[in-house]
Chemist: 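Can you keep this structure in mind? I'll have questions shortly.
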2 protein chains.
Amino acid sequence: MHSPDSHTHLEIPGLRMTKQRKEVYRVLVDGPQDHPTAAQILERVKCNQPGTSLATVYNCLEVLVEHNAIKQVNFDRESSRYCPNLREHGHFHDTNSGQIHDITFKPGIQLADILELPPGTSIEEYEITLRGKLKTSEQSS
Amino acid sequence: MHSPDSHTHLEIPGLRMTKQRKEVYRVLVDGPQDHPTAAQILERVKCNQPGTSLATVYNCLEVLVEHNAIKQVNFDRESSRYCPNLREHGHFHDTNSGQIHDITFKPGIQLADILELPPGTSIEEYEITLRGKLKTSEQSS
DNA sequence: TTGCACATTAGAATTATTCCAAAAAAGACT
DNA sequence: AGTCTTTTTTGGAATAATTCTAATGTGCAA
């Protein structure tokens, strides 16, 4: 028995786990949580599955997203990034370091509570992305 | 005398208003508020300024965004859209009608109040986009 | 084992956008 | 107006990310 949101056994209900799919998923789940792009994922996948193609990485990412196993994250028109964090969250892009941080709502906050939504709205998905700078201790000039 | 946030005279401080820039801006400000793409803007601009090129529309949009006269809006990896609404707001994409609606925060809500931000974060910009369906009265099956 | 549906692949195609170099326009100053 | 300089515009080429295509591979099931 494991926690309900863990897929660390690398199985996804209803999806045939080929070696490529498994490896793409593995790279996201237990590789660095740095929101890699398809091209970066390909590099990582190649360590264990050399010969994998970029097209396959895109294919795998597509089915994984469709099966709600991972999320696709977009910053402006940059290359899409992918993340295995399935909890509701947004992203903060620190333009100092280039790093992307997951951002959660404060406890008890619901998106619908804070937005002026037209009556009869049903939200299927949302994306919250922030851009700014994280002030580090060594901020001098 | 007019309201402080109106630029309906089609002047933007610090920006030379060529006929193309003026027309691109005008199309956004007093054309339909449907968040058009660059290609759609070009079509509209051509009514008054035929011969305008897509490259110019992109150029104009770029300087307008830089001068904070309009905002660029991205939905996933779709073509960028542009909107003249400078108030803080997000966007709701109704997948029934294809329409995009501006969404504001409920009064008094600040983004920083509701998100668990790392200490020392300064937000420079953010984007909130929702996707879902707006239930209309003629929803049957 | 053979058949079949699904996956993967390399490379071509597509799409949105940016780049480029040349022509045109806008000021500024006589 | 006439000339000079700088900024804009333009069409087309270039780029980047992603998707498509057609051929090949793989693995389960009968």
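Hydrogens, waters and symmetry mates play no part in the numbers below; they use all other heavy atoms, side chains included. Reminder, nothing fancy here: chain letters follow the sequence lines and each chain counts from 1.
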Chemist: Can you classify the ring geometry of B:Tyr126 versus B:Phe105 as parallel (below 30°), tilted (30 to 60°) or perpendicular (above 60°)?
Modeler: tilted
Chemist: One pair to check against side-chain contact (heavy atoms from CB on, under 4.5 Å): B:Asn74 and B:Asp76. What are the steps and the verdict?
Modeler: CA-CA 6 Å; B:Asn74 296 296; B:Asp76 300 334; over 6 Å; no
Chemist: Do the side-chain N or O atoms of B:Ser79 get closer than 4.0 angstrom to the phosphate oxygens (OP1, OP2) of C:dT17?
Modeler: yes
Chemist: Just so I know, are the side chains of A:Met17 and A:Ile12 near enough to count as touching, which here means a heavy-atom distance under 4.5 Å?
Modeler: yes
Chemist: State whether B:Arg21 places a side-chain N or O below 4.0 Å from either non-bridging phosphate oxygen (OP1 or OP2) of D:dT8.
Modeler: yes
Chemist: Are B:Thr18 and D:dT9 close enough that a side-chain N or O sits under 4.0 Å from OP1 or OP2?
Modeler: yes
Chemist: Side-chain donor-acceptor pair under 3.5 Å between B:Asp94 and B:Gln99, yes or no?
Modeler: no
Chemist: Side chains of A:Ser80 and A:Gln72: is there a donor and an acceptor less than 3.5 Å apart?
Modeler: yes
Chemist: Under a plain distance cut-off of 3.5 Å, with no hydrogens placed, do B:His89 and B:His91 share a side-chain donor-acceptor pair?
Modeler: yes
Chemist: If you take any heavy atom closer than 4.0 Å to DNA chain D, which residues from residues 46-64 of chain B end up in contact?
Modeler: B:Gly51, B:Thr52, B:Ser53, B:Ala55, B:Thr56, B:Asn59
Chemist: Starting the side chain at C-beta, find the nucleotide from C:dT17, C:dT8, D:dT9 nearest to A:Gln20.
Modeler: C:dT8
Chemist: Quick one: is A:Arg77 getting a side-chain N or O under 4.0 Å of the C:dT17 phosphate, OP1 or OP2?
Modeler: yes
Chemist: Counting just side-chain N and O atoms, does A:Ser80 come under 4.0 Å of either OP1 or OP2 of D:dT18?
Modeler: yes
